[in-house]
Amino acid sequence: MPSSDSVRRQGYHTSETLTPRTTSSHSTQTPENSPIETMPAQLLSTMPANGASRSNSAPALHRKQSSPMMPPFMVSAPGKVIVYGEHAVVHGKPAIAAAIALRSYLHVSFLSKSHRTVTVRFPDIELQHTWNIDELPWDTFSAPGKKKYYYDLVSSLDPDLLAAIQPHIEEVSPKVPDAIRKVHHSSACCFLYLFLSLASRKTNPCVYTIRSTIPLRAGLGSSASISVCISAALLLQIRALSGPHQDQPAQECELQLERINRWAFVGEMCIHGNPSGIDNTVASGGKAVLYQRTGPNKPPRIVPLHSFPELPLLLVNTRQSRSTAVEVAKVATLKANHPALTENILDAIGLVTESAHKLLTSSDFDPKSHDSLKYLGDLITINHGLLVSLGVSHPKLERIREIIDHTGIGWTKLTGAGGGGCAITIIKPQPPSTGHRNGTHHDHSSDDSESEPDSPVTATGSIISSGTKLKHAILDNLEVKLENEGFEKFETTLAGDGVGVLWPAVLHNVNEEEGGEEIDQEKFLKAEGTEGIERLVGVVSGRNRNIEREVREGWKFWRPWESA
């Protein structure tokens, strides 16, 4: 096993319990004392018996397998945003990242054993490919010194293993343009490396279908979200996870999240080469984390922030392409030309993050307190101003901020590298006044005077009295304005759940009884857009008022903050 330092270097929590009491020497990764023994009943009842689990039963009848061995199941993981500290984090300052309720969904459907194939379908990027399971390089991945187990830490990609899967990657999408083919190949590399590392040549033939409600290539951690889904699905299939379930102890919950996170990081390495580990950590565990580099060849500081309140969030995509490398280079150049001034700005951004962290971790922090939320919101505004001074904003980001700030509905900043990408707004708990004087707004919901012509009003001109209706009217008005200027708006939530499982892929009814809607591959593929996917899978991304919110108890999430 690796040292604890090497574990922390990749942004994982160390744990003495990662080493199992007994280790199997078989080609599969299931330990001798399989977690299947503690798997909740709703998962256990759907798992096929094999190996030792059949040894005490009557001999199985020899019959042709003409139907799938198991019902389909689903895994989901969130995207992420940087709430405080972008760019300064490159220069050793802390940053806080949090999950968002826009998510990726992986649907796993099983084929009969006679198929002997594994298929990946990712319609969002028009990727579909099928491999013959028996032709994949299992011998290379199971060779002495190469074999990995579900509890292992993988801190770098093995060049021999990469070389072994390269011919199988090259056959993917041979006739598409080079730019698209590059995306398809990195996605195929991520899946195959994880599949061959965790599964075995005796694995059941499956179809893995991926859909995402996270805008792609917008700095929202979409690739990490997908890597977490693949990691969790494979670990479930090899019985290396025994949850989630409501009675799961916090330590066991954290341990299983770490297993998912470790292998998701491997997937991220396949896609990005040298990722920080923050995206997959947030996508695995949910809520928020504080992240800080501590120097070359030293482990980063990563602190889970389970106290981060779940907040309504407005996410606006500029649809402006940008390059993270270009924006990072801008700050480096500014620092070279004006070292003292730039360092002071970076220090100030670091202080913003530390101030938020201090509040969130204080013993008297009240996530429902208006004053606490206003404090976090003020830090959002300050952080954006400091990023503007570094030159990493963009006219489209400033236009979004101008439109939203005029309503007074929340606190807005760019998120990620800047230069385009997305802006986030934490929505205030009370609707703002519609009174604006000299370009400023008042944060007092009781102030009903001097309404602007574009303020939300009824047909008779009187201001809407209900705070909720007023807030919704402002958001509807915002949506029209933003879409008219070419922006894409999402109403979602900040700091919610991490990875979750729906096994089997059957939603429960409102009364929590089984027998609800079954999600098959065809329904999943035909779901249209974010609303269609969320309506089908029963997970609504927070504040989307166009979808009826239902109680769908089929989904289960690892929630260490509840277990603790």
Side-chain angles (χ1 to χ4, degrees), residues 75-86 95-106 124 211-229 261 264 268 278-291 304-319 356 360 367 373 376-377 380 383-384 397 400 404 410-417 421-427 475 482 487-500 529-531 533-534 537 539-545 547 549 555 557-559 561:
V75 179
S76 176
K80 74 92 180 62
V81 294
I82 303 294
V83 186
Y84 306 103
E86 48 269 272
I96 292 176
I100 55 174
L102 296 174
R103 306 175 68 88
S104 295
Y105 300 90
L106 172 61
D124 295 351
R211 301 289 304 274
S212 183
T213 64
I214 307 168
L216 303 179
R217 294 177 287 276
L220 301 177
S222 59
S223 67
S225 174
I226 292 167
S227 294
V228 167
C229 287
N261 192 21
E268 279 283 86
I278 189 171
D279 286 13
N280 48 275
T281 301
V282 173
S284 299
K287 284 294 185 180
V289 300
L290 181 139
Y291 176 92
L305 300 175
H306 292 160
S307 61
F308 203 112
E310 188 171 339
L311 301 170
L313 186 76
L314 192 65
L315 175 71
V316 183
N317 186 3
T318 64
R319 292 190 167 119
L360 291 166
L373 185 57
L376 294 174
I380 289 282
N383 198 161
H384 179 79
L397 288 166
I400 290 169
I404 297 175
W411 302 276
T412 302
K413 67 179 283 290
L414 67 84
T415 184
C422 295
I424 57 171
T425 300
I426 293 180
I427 298 175
L475 290 170
L482 292 167
F487 304 126
E488 184 179 23
K489 166 186 154 290
F490 299 89
E491 288 181 50
T492 183
T493 53
L494 184 69
D497 283 316
V499 61
T530 298
E531 290 187 8
I533 294 172
E534 292 179 345
V537 303
V539 177
V540 179
S541 64
R543 304 298 187 261
N544 193 328
R545 291 170 279 112
I547 302 177
R549 296 179 63 82
W555 281 96
F557 299 90
W558 282 272
R559 292 169 175 160
W561 54 89

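Note that the structure is a prediction, hence the values are computed from the model and not measured. We're numbering straight along the sequence, starting at 1.
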| task | With sequence neighbours excluded, tell me which residues meet side-chain hydrogen bond (donor to acceptor under 3.5 Å, both in side chains) with S284. | result | none
| task | With sequence neighbours excluded, tell me which residues meet salt bridge (charged side-chain N to carboxylate O under 4.0 Å, His left out) with K413. | result | E86
| request: For V499 and P78, work out which heavy atoms get closest and say how close. | output: N-CD, 4.2 Å
| Step by step, would you call L313 with T493 a side-chain contact (heavy atoms from CB on, under 4.5 Å)? | CA-CA 5 Å; L313 186 76; T493 53; 5.7 Å; no
| For Y105 and I533, which heavy atoms make the closest approach, and how far apart are they? | CD1-CG2, 3.8 Å
| request: Identify the two heavy atoms, one from N383 and one from G85, that lie closest to each other, and give their separation to 0.1 Å. | output: OD1-N, 3.0 Å
| message | For A283 versus S225, what's the shortest heavy-atom pair and its separation? | response | CB-CA, 4.1 Å
| task | Only counting residues at least two apart or in another chain, list the ones meeting side-chain hydrogen bond (donor to acceptor under 3.5 Å, both in side chains) with S76. | result | R103
| note | Hits for side chain to side chain contact (heavy atoms under 4.5 Å, CB included) against T425, two or more places apart or cross-chain, chain-then-number order -> L314, I404, T412
| query | So, S307 side chain and L360 main chain: donor-acceptor pair closer than 3.5 Å or not? | reply | yes
| request: Please list, chain by chain and in numerical order, all residues satisfying side-chain hydrogen bond (donor to acceptor under 3.5 Å, both in side chains) with S212, sequence neighbours excluded. | output: S104
| said: Is the ring pair H306/W561 parallel, tilted or perpendicular, if the boundaries are 30 and 60 degrees? | reply: tilted
| Can any side-chain N or O of W411 pair as donor or acceptor with the backbone N or O of L376 at less than 3.5 Å? | no
| task | Supply the atom-to-atom distance L102 CG to T213 OG1, rounded to the nearest 0.5 angstrom. | result | 4.5 Å
| task | Work out which heavy atom in D124 is nearest to a heavy atom in R211; give both atom names and the distance. | result | OD1-NE, 3.6 Å
| request: Under the side-chain contact (heavy atoms from CB on, under 4.5 Å) rule, what do L494 and F308 come out as? Steps first, then yes or no, please. | output: CA-CA 9 Å; L494 184 69; F308 203 112; 3.7 Å; yes
| request: Not counting sequence neighbours, which residues clear side-chain hydrogen bond (donor to acceptor under 3.5 Å, both in side chains) with D279? List them please. | output: K80
| request: Please lay out, stage by stage, how V83 and I380 fare under the test side-chain contact (heavy atoms from CB on, under 4.5 Å). | output: CA-CA 7 Å; V83 186; I380 289 282; 3.8 Å; yes
| task | First locate atom CG of L482, then atom CZ of F490, and finally report the distance between them rounded to the nearest 0.5 Å. | result | 12.0 Å
| Residue list, side chain to side chain contact (heavy atoms under 4.5 Å, CB included) with S227, at least two apart or on another chain | C190, A264, E268, I271
| How many angstroms lie between atom CG of L373 and atom CD1 of I427, to the nearest 0.5 angstrom? | 10.5 Å
| Hey, are the side chains of C422 and L220 touching, using non-hydrogen atoms and a 4.5 Å cut-off? | yes
| task | Heavy atoms only: give me the nearest A356-Y84 pair and the separation to one decimal. | result | CB-CE1, 3.6 Å
| query | So how far is it from L315 CG to T492 OG1, rounded to the nearest 0.5 Å? | reply | 7.5 Å
| said: To the closest 0.5 Å, what do you measure between OG1 (T415) and CD1 (I82)? | reply: 6.0 Å
| said: Working note: D497 + R559, criterion side-chain contact (heavy atoms from CB on, under 4.5 Å); need CA distance, chi angles, decisive distance, verdict. | reply: CA-CA 7 Å; D497 283 316; R559 292 169 175 160; 2.7 Å; yes
| task | Report the distance from atom CG of L216 to atom CD1 of I226, rounding to the nearest 0.5 Å. | result | 6.5 Å
